[in-house]
Amino acid sequence: SDIQDEINRLSERIDQERRARETQEDAIVNKLNEELNKVQDSLHVEQKTREDSENSLIRVLEDMCAKMQHEVQLERKDRESTEEIFLKLLEETCDRVQTGNRP
């Protein structure tokens, strides 16, 4: 009958629209997942870059500290050496003065 045919057509039309809507929803979900993955990948790259930069900075600072410590050691040795020479000269001078003052 005509009514039954119309009901069948409407039912088929509803099914088609439901399938089309589901297809669109799936496409939207897939697109969102792709975008989310891109954001996650970007965050991982940024984090890795930051960690690499931090590690490089730490290495530079460690090198600078090591060089400064070395310089301080050299300065200390130089000062100690100079002090030793000065003390020896002072002792020799005192000895000469004392020897010269003896009768």
Side-chain angles (χ1 to χ4, degrees):
S1 74
D2 289 341
I3 294 177
Q4 188 61 42
D5 290 345
E6 189 64 27
I7 290 173
N8 288 341
R9 277 195 299 274
L10 286 174
S11 179
E12 179 60 33
R13 176 93 185 230
I14 289 170
D15 281 347
Q16 286 176 349
E17 292 202 8
R18 180 185 49 77
R19 285 193 297 269
R21 190 174 60 250
E22 287 173 352
T23 300
Q24 287 177 336
E25 289 170 356
D26 288 345
I28 289 171
V29 168
N30 288 337
K31 184 68 175 169
L32 286 173
N33 283 332
E34 286 176 21
E35 293 301 317
L36 181 59
N37 288 335
K38 287 180 186 176
V39 168
Q40 286 176 332
D41 289 345
S42 294
L43 288 174
H44 289 313
V45 167
E46 186 178 324
Q47 182 178 11
K48 177 83 169 92
T49 302
R50 189 182 70 246
E51 288 172 358
D52 290 346
S53 294
E54 288 172 357
N55 289 336
S56 294
L57 181 59
I58 287 170
R59 280 194 297 276
V60 166
L61 291 174
E62 286 173 345
D63 286 348
M64 287 174 60
C65 286
K67 287 177 184 175
M68 289 174 65
Q69 287 173 341
H70 182 68
E71 288 294 320
V72 167
Q73 279 182 324
L74 290 178
E75 288 292 326
R76 181 179 295 133
K77 285 180 182 176
D78 188 44
R79 189 193 70 231
E80 289 170 354
S81 174
T82 302
E83 287 174 356
E84 270 185 49
I85 292 171
F86 180 72
L87 284 175
K88 282 181 184 175
L89 285 173
L90 192 59
E91 287 172 2
E92 289 173 7
T93 303
C94 286
D95 286 347
R96 275 195 230 132
V97 167
Q98 287 176 349
T99 305
N101 286 340
R102 287 189 189 150

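Worth knowing before you read on, the calculation uses all heavy atoms, side chains too, and leaves out hydrogens, waters and symmetry mates. Note that the structure is a prediction, hence the values are computed from the model and not measured.
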> More than 12 non-hydrogen atoms from neighbouring residues, nucleotides or ligands closer than 6.0 Å to CZ on Arg76, yes or no?
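Counting neighbours around CZ of Arg76, 12 or fewer heavy atoms of other residues, nucleotides or ligands fall under 6.0 Å, so no.
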> Let me confirm one number: the CD-CD1 distance from Glu51 to Ile58, rounded to the nearest 0.5 Å.
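Answer for the CD-CD1 pair, Glu51 versus Ile58, is 10.5 Å.
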> From Gln24 CD over to Glu17 CD, what is the distance, rounded to the nearest 0.5 angstrom?
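Output value for this atom pair is 10.0 Å.
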> Working to the nearest 0.5 Å, report the span between CG of Leu10 and CG of Asp15.
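Going from CG on Leu10 over to CG on Asp15, the span is 11.0 Å.
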> Once you round to the nearest 0.5 Å, how far does CZ of Arg96 lie from OG1 of Thr99?
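Between Arg96 CZ and Thr99 OG1, I get 9.5 Å after rounding to 0.5 Å.
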> Within a radius of less than 6.0 Å around CD of Glu46, do more than 12 heavy atoms belonging to other residues, nucleotides or ligands occur?
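Not buried by this count: 12 neighbours or fewer within 6.0 Å.
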> With a 4.5 Å cut-off on side-chain heavy atoms, are Lys31 and Ile28 touching?
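When only atoms from C-beta onward are counted, Lys31 and Ile28 do not touch, as no gap falls below 4.5 Å.
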> Salt bridge (charged side-chain N to carboxylate O under 4.0 Å, His left out): which pairs involve residues 81-90, sequence neighbours left out?
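Listed by first then second residue: Arg79-Glu83.
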> Among residues at least two apart in sequence or on other chains, which ones pass side chain to side chain donor-acceptor pair (under 3.5 Å) with Arg50?
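By the side chain to side chain donor-acceptor pair (under 3.5 Å) rule, Arg50 matches no residue at all.
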> Side chain of Thr93, backbone of Leu89: donor and acceptor closer than 3.5 Å?
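Indeed, once roles are kept as given, a pair shorter than 3.5 Å links the two residues.
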> Is it the case that atom CG in Leu32 sees more than 12 heavy atoms from other parts of the structure closer than 6.0 Å?
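Enclosed.
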> Report the distance from atom OG of Ser11 to atom CD of Gln16, rounding to the nearest 0.5 Å.
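So the gap between those two atoms works out to 10.0 Å.
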> One thing to verify: whether Asp41 and Lys38 come together as a salt bridge, which I'm taking to mean a side-chain N less than 4.0 angstrom from a carboxylate O.
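Salt bridge: no.
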> With a 4.0 Å cut-off, would you call Arg18 and Glu22 a salt bridge?
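Salt bridge between Arg18 and Glu22, a charged N being under 4.0 Å from a carboxylate O: yes.
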> Taking atom types as modelled, is there a side-chain donor on Gln4 or Asn8 under 3.5 Å from an acceptor on the other?
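Looking only at side-chain atoms, Asn8 and Gln4 do form a donor-acceptor pair, the distance falling under 3.5 Å.
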> Can Glu6 and Arg9 be said to form a salt bridge (Lys or Arg N to Asp or Glu O under 4.0 Å), step by step?
CA-CA 5 Å; Glu6 189 64 27; Arg9 277 195 299 274; 2.6 Å; yes
> Who pairs with Glu34 by salt bridge (charged side-chain N to carboxylate O under 4.0 Å, His left out), at least two apart in sequence or on another chain?
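Not a single residue meets the salt bridge (charged side-chain N to carboxylate O under 4.0 Å, His left out) criterion with Glu34.
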> What is the distance from atom CG of Leu57 to atom CD of Glu62, rounded to the nearest 0.5 Å?
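The CG atom of Leu57 sits 10.0 Å away from the CD atom of Glu62.
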